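Written below as structure tokens is the structure these notes are about.
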Amino acid sequence: VLMVGTPSADFAYLRRVIEADSNVVSDVISPDTPQGGGFRSGAALEDLGRYALVVLHNVPAALLTPEIQRELVSTVTSGGGLLVVGGDESLNAGWGTGLSSVLPTESAGAANYVSGAYSARIPAGAERHSILRLSEDPVAEREAWSALPPFFGMSMQQVSKAATSSVLLENEEGDPLVAVRNAGRGKCAVVGARGFARAGLMMWGIGDTDRVVRSFWQKTIRWLLTKEEVRKLRITTEKQTYRSGEPVSFRAELFDDLL
């Protein structure tokens, strides 16, 4: 995984989640200065062949040259993953126009990042997506997300017209906060909401945990890294070893095209 981004609490939180996964090897580029950071980031983005997933966390448009955008599109359509997290530097009008063939969203106009209080809700039908799944109870999942404090900002986006684009989280006005898309053999996710680290910290402050936001990032990364070649039907057992005569329980999962 290659993670490139502007330093922030959200960037640091996502970095910790990724690095906590022993199955993931990550390279992280967080600039000390805009000039030096841009040079190092650009060099890394021009050599994407060894990465299964690229994370662009509030990356400015100036860094995304036409050559880099073509390389990112090629990475996704060839089976890789792309995660774009918005902010005051990204997902504004004209940002990443060369990525439109793989992004699940597009700019909603000249307005870019807007501050405010934005509560997240799950649109009808999205609660069963693997990224949002916390349990086998859709009602409990909606309640868990509604219990979170509001996000403090968002990049204004609208969902693309691609058939495989879908919104997983939206604000109270119906604007997408999180959207995903299958593109070619790969996948792309756009997260416009900001304040995941704050939300997790505040949940700890009221005696709960950050399980919702942590699970969201963990499962987003896993979903993006899962190859389309992986069979949609998965069968597992509750445990690896059974005694003679002991009943064996199987769990079968059949995933649709969006999973």
Side-chain angles (χ1 to χ4, degrees), residues 1-6 11 14 18 24-31 37-87 89-109 112-113 129-131 155-168 176-192 217 220-230 257-259:
V1 175
L2 175 63
M3 186 177 182
V4 181
T6 305
F11 181 83
L14 177 55
I18 292 176
V24 175
V25 177
S26 61
D27 290 336
V28 179
I29 299 176
S30 180
F39 175 81
R40 292 194 300 274
S41 301
L45 289 171
E46 290 172 357
D47 182 23
L48 299 177
R50 58 197 182 98
Y51 296 106
L53 169 62
V54 178
V55 179
L56 302 179
H57 199 291
N58 196 22
V59 168
L63 183 60
L64 300 177
T65 64
E67 294 76 18
I68 288 176
Q69 293 185 61
R70 285 194 293 269
E71 185 67 20
L72 286 167
V73 169
S74 177
T75 296
V76 174
T77 56
S78 299
L82 174 63
L83 170 59
V84 178
V85 181
E89 294 286 348
S90 67
L91 294 178
N92 53 338
W95 186 94
T97 54
L99 303 176
S100 60
S101 61
V102 298
L103 293 178
T105 62
E106 56 191 34
S107 175
N112 177 22
Y113 178 78
H129 196 287
S130 61
I131 288 178
S155 295
M156 296 299 295
Q157 297 285 290
Q158 60 188 17
V159 67
S160 74
K161 296 179 176 61
T164 56
S165 295
S166 59
V167 177
L168 300 188
L177 296 174
V178 177
V180 296
R181 177 180 178 181
N182 290 65
R185 295 165 54 201
K187 301 172 182 178
C188 181
V190 169
V191 178
W217 283 126
T220 296
I221 298 301
R222 291 172 188 168
W223 181 79
L224 288 166
L225 286 172
T226 300
K227 300 295 185 182
E228 283 300 293
E229 289 81 358
V230 174
D257 290 337
L258 293 179
L259 302 180

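Values reported hereafter were calculated over all heavy atoms of this structure, with side chains retained and with hydrogens, waters and symmetry mates removed. In this text the structure is predicted, and so the values were computed from the model without any measurement.
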Test Leu72 against Leu64 for side chain to side chain contact (heavy atoms under 4.5 Å, CB included), laying out the working first.
-> CA-CA 10 Å; Leu72 286 167; Leu64 300 177; 4.2 Å; yes
Identify the heavy atoms of [X] and [Y] that sit nearest to each other, and give their distance.
X      : Y      : value
Thr105 : Ala179 : CG2-CB, 3.6 Å
Val85  : Ser90  : O-OG, 3.3 Å
Pro176 : Val159 : CG-N, 4.1 Å
Pro60  : Trp95  : C-NE1, 3.9 Å

Are the side chains of [X] and [Y] in touch, meaning some heavy atoms are under 4.5 Å apart?
X     : Y     : value
Val24 : Leu53 : no
Ile29 : Leu2  : yes
Val54 : Val4  : no

Tell me, with the steps shown, if Leu82 and Thr75 meet side chain to side chain contact (heavy atoms under 4.5 Å, CB included).
-> CA-CA 8 Å; Leu82 174 63; Thr75 296; over 6 Å; no
Return yes if some donor-acceptor pair links the side-chain N/O of [X] with the main-chain N/O of [Y] below 3.5 Å, else return no.
X      : Y      : answer
Thr6   : Asn58  : yes
Lys187 : Trp223 : yes
Gln157 : Leu91  : yes
Arg181 : Thr164 : no

Rounded at 0.5 Å granularity, tell me how far [atom1] in [X] sits from [atom2] in [Y].
X      : Y      : atom1 : atom2 : result
Gln158 : Ser165 : CD    : OG    : 11.5 Å
Glu71  : Thr65  : CD    : OG1   : 10.0 Å
Cys188 : Leu224 : SG    : CG    : 7.5 Å
Ile68  : Leu63  : CD1   : CG    : 5.5 Å
Tyr51  : Met3   : OH    : CE    : 13.5 Å
Ser155 : Asn92  : OG    : CG    : 8.0 Å

List the steps and the verdict of side chain to side chain contact (heavy atoms under 4.5 Å, CB included) for Val178 and Thr220.
-> CA-CA 10 Å; Val178 177; Thr220 296; 5.9 Å; no
Stepwise side chain to side chain contact (heavy atoms under 4.5 Å, CB included) check, Ile18 with Val28 | CA-CA 10 Å; Ile18 292 176; Val28 179; over 6 Å; no
